[in-house]
Protein chains: 2
Amino acid sequence: MRIDVPLGKAYLLLNHGPVTLVTSRSGERTNVMAASWAMPLDFDPPKVVVVIDRETLTRELVGESREFALNIPPRELADSVVAVGSRSGRDGDKWAGEGLATLPADRIGAPLVDGCIAWLECRLLEERDVERKYDLFIAEVVAASADDRVFSGGRWHFDDPALKTVHYVAGGQFFTIGDPVTGRTGRPG
Amino acid sequence: MRIDVPLGKAYLLLNHGPVTLVTSRSGERTNVMAASWAMPLDFDPPKVVVVIDRETLTRELVGESREFALNIPPRELADSVVAVGSRSGRDGDKWAGEGLATLPADRIGAPLVDGCIAWLECRLLEERDVERKYDLFIAEVVAASADDRVFSGGRWHFDDPALKTVHYVAGGQFFTIGDPVTGRTGRPG
């Protein structure tokens with residue numbers, strides 16, 4: 001079930017470095033693309049940064065609407081992540097082509113990707129200089145939600161291998177997220 | 001053995017979202033801090049972004065020298081990552097206190113962390129407006145290297161559990177990186 005994540009906990013959805021799908025809408029046009037280069041920028045109010053290449057349809061739609069969503073796909077969507085990352089929405093609708101369905105977002109016009117395990121709805125801050133120079137977008141997270149099978153009570157719990165986050169390398173290769181590790185603070189003596 | 005990584009492959013060291021240790025030097029002062037919020041920004045010449053809080057000693061040293069290194073720690077250093085992320089270099093030297101040793105960098109004055117598995121040596125670009133507003137630093141990678149037990153031929157190979165990258169969540173909790181997954185491109189029909 002999709003549950004709300006408090007804004008002060010939204011950074012946790014992205015903190016461990018999963019690949020994302022960026023969804024966007026401008027007017028009747030929508031698109032979905034893959035982005036590995038997304039990370040938190042601040043805790044509360046939460047902000048994120050994401051790199052969106054200037055040649056993409058997503059860039060055009062985000063530039064017009066000043067909104068996007070970061071959708072975090074589970075391992076079972078890895079094929080779709082590679083597919084939507086491999087061609088442009090200018091060459092045909094990627095939703096039906098890749099068997100992806102949409103969900104309505106709560107606070108923005110862009111759709112969310114059904115079957116993802118977490119969602120961050122974002123509105124761009126006015127930093128057009130870094131957008132233009134670096135393809136880098138700075139945004140505030142205005143709503144966050146997650147699939148409670150893997151994120152609840154402010155924590156990830158990756159019990160089902162099919163629902164683990166995937167972390168992109170290159171050439172269609174990912175790693176899934178692995179086992180929990182607790183670091184001890186401080187040292188004796 | 002520490003081997004050079006071609007600059008065009010440097011983004012691969014950071015692409016899957018591992019936690020980093022940021023090292024810095026200004027004059028005789030050096031420091032090491034933990035940073036989860038670091039990612040690639042461009043391929044070649046490679047660029048990165050990293051968030052460095054304005055209250056930290058690292059911020060002061062990086063602000064003065066305009067250089068830093070991103071060191072990628074393996075699982076066996078997870079305790080040290082939490083320890084250096086939990087207190088300030090202003091309160092005493094963190095190197096000896098946490099049992100961390102240094103290596104000389106190739107192209108910058110900041111030291112590297114011995115026992116890490118990859119290193120990106122970085123020089124800041126002149127983007128002082130986003131530094132001041134968001135604590136966000138944009139830098140060019142001027143040298144990259146890796147431990148050939150886990151990265152060689154342009155690929156990660158995490159065979160030894162002690163040498164896997166760790167991906168930070170919060171409160172001293174990480175996940176290690178998990179298993180490789182290959183996404184298939186395209187769909188029939």
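The basis for the numbers below is simple: all heavy atoms, side chains too, and nothing from hydrogens, waters or symmetry mates. Model, not experiment: these values are computed from the prediction.
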Worksheet entry | chain B interface, residue from A:V81, A:D135, A:I138 that has the most non-hydrogen pairs under 4.5 Å | A:I138
Worksheet item: Who among A:D129, A:V84, A:D53, A:D42 has the most heavy-atom pairs with chain B under 4.5 Å?
Response: A:D42
Item to complete: Scan side-chain atoms only and decide if B:Q173 and A:T182 contain a donor-acceptor pair under the 3.5 Å cut-off.
Response: yes
Practice prompt. Decide whether B:T176 and B:R75 meet the rule of one side-chain donor and one side-chain acceptor closer than 3.5 Å.
Written response: no
What part of [X] is in contact with chain A, defined as an atom under 4.5 angstrom from a non-hydrogen atom: side chain, backbone, both or neither?
X	answer
B:I177	both
B:L77	neither
B:R155	side chain

Worksheet item: When the ring centroid of B:F68 is compared with that of B:F137, is the distance short of 6.0 Å?
Response: no
Item to complete: Look at the aromatic rings of B:F43 and A:W37 and report parallel, tilted or perpendicular, splitting at 30° and 60°.
Response: tilted
Discussion item. As a quick check of understanding, evaluate salt bridge (charged side-chain N to carboxylate O under 4.0 Å, His left out) for B:K133 and A:E127, giving each step before the final call.
Written reply: CA-CA 11 Å; B:K133 287 172 72 174; A:E127 296 295 343; 2.4 Å; yes
Worksheet item: Taking NZ, NE, NH1 and NH2 as the nitrogens, is one of them in B:K9 or B:D4 under 4.0 Å from a carboxylate oxygen of the other?
Response: no
Worksheet item: Salt bridge check: are B:E131 and B:R54 linked by an N-O gap of less than 4.0 Å?
Response: no
Region of [X] in contact with chain B, defined by heavy-atom distances below 4.5 Å:
X	value
A:L12	side chain
A:V49	both
A:L125	side chain

pair [X]-[Y]: side-chain heavy atoms closer than 4.5 Å:
X	Y	answer
B:Y11	B:V141	no
B:V50	B:M39	no
B:L120	B:L13	yes
B:V113	B:P73	no

Fill in: chain B-proximal positions within residues 21-34 of chain A [heavy-atom distance under 4.5 Å]
none
Response to the item:
Residues of residues 159-171 of chain B with a heavy atom under 4.5 Å from any heavy atom of chain A, in residue-number order, are B:H167, B:Y168, B:V169, B:A170
Worksheet item: Please walk me through it: do B:R66 and B:E126 pass salt bridge (charged side-chain N to carboxylate O under 4.0 Å, His left out)?
Response: CA-CA 9 Å; B:R66 309 295 293 167; B:E126 287 302 308; 3.2 Å; yes
Worksheet entry | Stepwise salt bridge (charged side-chain N to carboxylate O under 4.0 Å, His left out) test for A:E67 and A:R123 | CA-CA 4 Å; A:E67 294 180 343; A:R123 288 202 184 114; 3.3 Å; yes
Discussion item. Among B:A78, B:P18, B:S36, B:P40, which residue has the highest count of heavy-atom pairs closer than 4.5 Å to chain A?
Written reply: B:P40
Worksheet, complete the sentence: Comparing B:G154, B:A38, B:G85 against chain A, the one with the most heavy-atom pairs below 4.5 Å turns out to be B:A38
Worksheet item: Under the salt bridge (charged side-chain N to carboxylate O under 4.0 Å, His left out) criterion, do A:E98 and A:R87 qualify, and how do the steps go?
Response: CA-CA 11 Å; A:E98 305 309 335; A:R87 63 188 189 82; 3.3 Å; yes
